[in-house]
Colleague: 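To start, I am sharing the structure in question, which I have written as structure tokens.
Please read all numbers here as calculations on a predicted model, not as lab measurements. Scope of the values below: all heavy atoms of this structure, side chains included, with no hydrogens, waters or symmetry mates. Numbered from 1 within each chain, the chains take letters A, B, ... in sequence-line order.
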Protein chains: 2
Amino acid sequence: MENYYSEHSKFYVSVDCIVLGYHDKELKLLLGKRKLEPGRGEWALYGGFVESDESLEEASNRTLFELTGMKNIYMRQVGVYGNLDRDPFDRVISVAYCALININDYDDNLRIKHDLEWISLNKIPTLFADHGKMVNTAIKQIQSRINTEPLIFNLLPDLFTLTQLQHVYEAVLGGETDKRNFRKRIKQIALIEKTELIDKVTSKRGAALYRFNSKAYKNDTFFKL
Amino acid sequence: MENYYSEHSKFYVSVDCIVLGYHDKELKLLLGKRKLEPGRGEWALYGGFVESDESLEEASNRTLFELTGMKNIYMRQVGVYGNLDRDPFDRVISVAYCALININDYDDNLRIKHDLEWISLNKIPTLFADHGKMVNTAIKQIQSRINTEPLIFNLLPDLFTLTQLQHVYEAVLGGETDKRNFRKRIKQIALIEKTELIDKVTSKRGAALYRFNSKAYKNDTFFKL
DNA sequence: CCAAAAGTGTTCCGTCTACACCCATGG
DNA sequence: CCATGGGTGTAGACGGAACACTTTTGG
């Protein structure tokens with residue numbers, strides 16, 4: 001038999017990228033207005049079609065690279081969305097990926113080139129098709145993993161102060177945390193190492209810079225914040 | 001423009017069903033040997049292709065119905081798998097779904113008809129393509145949600161004893177739990193209601209039968225085991 | 001009468017929470 | 001010299017873990 005599967009249907013498959021960054025005590029999402037039909041002018045995630053020579057991860061990495069100019073971004077599959085009417089023009093099944101980046105590494109020219117905006121999570125407008133659902137699911141996933149996987153460091157520079165770390169933590173979970181209790185917990189985590197370096201930018205007194213030891217983590221992937 | 005997307009590729013999309021049940025103090029997975037190429041004779045999940053007139057959930061429900069004769073099964077998306085070589089014959093992107101059923105509701109004639117076996121989780125053979133990865137991911141997801149979502153009741157009859165509940169809990173998490181502590185926790189959960197009924201099958205003395213109040217749960221979806 | 005499963009409380013320990021003041025420095 | 005952010009400890013509450021014996025009844 002030449003084609004076992006030919007009685008079945010084929011589908012366009014796309015990836016949609018939920019790119020999150022931290023700035024100014026808030027988590028922000030990279031959004032743009034659609035340039036093409038369907039949904040022209042509506043706020044939407046940046047996406048792209050999967051091509052025949054690439055895996056889903058490759059498609060997602062390619063799309064993220066177009067969008068950010070970065071490689072090796074932290075990225076995680078959120079889910080697949082395949083309702084019949086999710087794309088008003090044609091049937092498209094879409095895989096949502098969530099990426100976390102350090103917003104300072106992001107080249108703002110690319111943002112301007114693609115005509116995108118960083119929008120605070122609590123100010124997200126209605127999005128095209130089911131993109132809003134994707135975003136909500138992604139946020140819930142991040143929140144539920146923040147305490148057991150070292151996600152948070154993807155939102156920060158390599159060197160960070162404990163105050164920065166706490167602010168990002170609060171931005172992800174939404175709420176306030178006691179400073180002393182937070183620092184007590186961090187001190188117990190050997191993977192978060194204090195360096196000799198001092199950050200003098202954000203405070204006059206200077207704050208110790210810390211680093212996440214990702215090599216040690218790779219050897220023993222245990223993490224509890 | 002007549003076809004916005006025609007420059008892009010289309011793909012076969014399938015669903016693969018991870019059906020879990022509880023029996024004899026173990027979680028079991030429904031597996032069969034593939035009847036067709038590719039991979040004929042290898043152990044594999046039961047699956048089916050998504051057709052053009054159905055959503056992913058509809059395809060998954062249809063496939064589960066073929067397999068179990070049941071509708072309204074608890075089911076959850078595990079992930080999408082799209083590596084280039086995952087199906088040796090043609091490019092197929094597959095969505096894995098995990099279903100939990102009460103094994104006593106399962107019509108064994110269907111198992112025989114499809115030539116399937118219930119296999120304990122710790123005795124799972126090497127599976128076709130990436131099915132093993134799907135199963136591992138599904139198990140981890142169940143384990144991580146068992147304490148915050150009322151999954152466990154899908155593996156039990158409507159009426160169950162606390163001992164049964166505990167055995168299923170232990171089978172999911174793998175490990176033992178103290179009986180008194182477990183029962184103390186259960187008593188605090190208003191959604192788990194003691195009935196007047198007594199089960200005399202598994203013990204001479206008789207054990208109180210309990211029920212999960214799923215209607216109350218729907219009104220306020222909070223659950224903490 | 002005994003095997004087999006049901007049912008029941010208390011103590012201890014570790015973890016999380018609440019809480020307020022001094023320090024260093026740049027401007 | 002003062003405004004700004006950095007840094008530190010303790011006491012009480014709470015929740016989870018350890019632990020053993022009595023009850024009922026079918027066979």
Colleague: A:Asp178 CG to D:dG9 P: how many Å, rounded?
Modeller: 14 Å
Colleague: Are B:Lys25 and B:Glu170 within salt-bridge range, i.e. N to O under 4.0 Å?
Modeller: no
Colleague: Rounded to whole Å, how long is the line connecting atom OH of B:Tyr210 with atom C1' of C:dA6?
Modeller: 10 Å
Colleague: Taking for each residue the nucleotide of DNA chain C with the nearest heavy atom, is it B:Arg180 or B:Thr161 whose nucleotide lies nearer the 5' end?
Modeller: B:Thr161
Colleague: Expressed in angstrom and rounded to an integer, what is the separation of A:Lys184 atom NZ from D:dA11 atom P?
Modeller: 12 Å
Colleague: Hey, does the side chain of A:Lys187 come within less than 4.0 Å of D:dT8's phosphate (OP1/OP2), counting only N and O?
Modeller: yes
Colleague: Taking only side-chain nitrogens and oxygens of B:Ser203, does any of them come within less than 4.0 Å of OP1 or OP2 of C:dA4?
Modeller: no
Colleague: Reckon A:Lys200 touches a base, only the sugar-phosphate, or nothing at all at heavy-atom distances under 4.0 Å?
Modeller: sugar-phosphate
Colleague: Salt bridge or not for A:Glu66 and A:Arg62, using N-O below 4.0 Å?
Modeller: yes
Colleague: Considering heavy-atom distances to DNA chain D, does B:Gly206 or B:Gln188 have its closest nucleotide positioned more toward the 5' end?
Modeller: B:Gln188
Colleague: Between C:dT25, C:dA6, C:dC19, which nucleotide gets closest to the side-chain atoms of B:Lys179?
Modeller: C:dA6
Colleague: Using atom CD1 of B:Ile186 as one end and atom C1' of C:dG7 as the other, report the distance to the nearest whole Å.
Modeller: 14 Å
Colleague: Is the shortest side-chain N to carboxylate O distance from B:Asp130 to B:Lys133 below 4.0 Å?
Modeller: no
Colleague: Please give, in whole Å, the distance from C:dG9 C1' to B:Phe182 CZ?
Modeller: 18 Å
Colleague: Under 4.0 Å, counting only non-hydrogen atoms across every strand here, what does B:Arg183 touch: a base, just sugar-phosphate, or nothing?
Modeller: base
Colleague: Just the rounded figure in Å: distance from C1' of D:dA17 to CD of B:Glu176.
Modeller: 15 Å
Colleague: For B:Thr63, what residues pass the side chain to side chain donor-acceptor pair (under 3.5 Å) criterion, not counting sequence neighbours?
Modeller: none
Colleague: Roughly how many Å is it from CD in A:Gln164 to P in D:dG7, rounded to a whole number?
Modeller: 11 Å
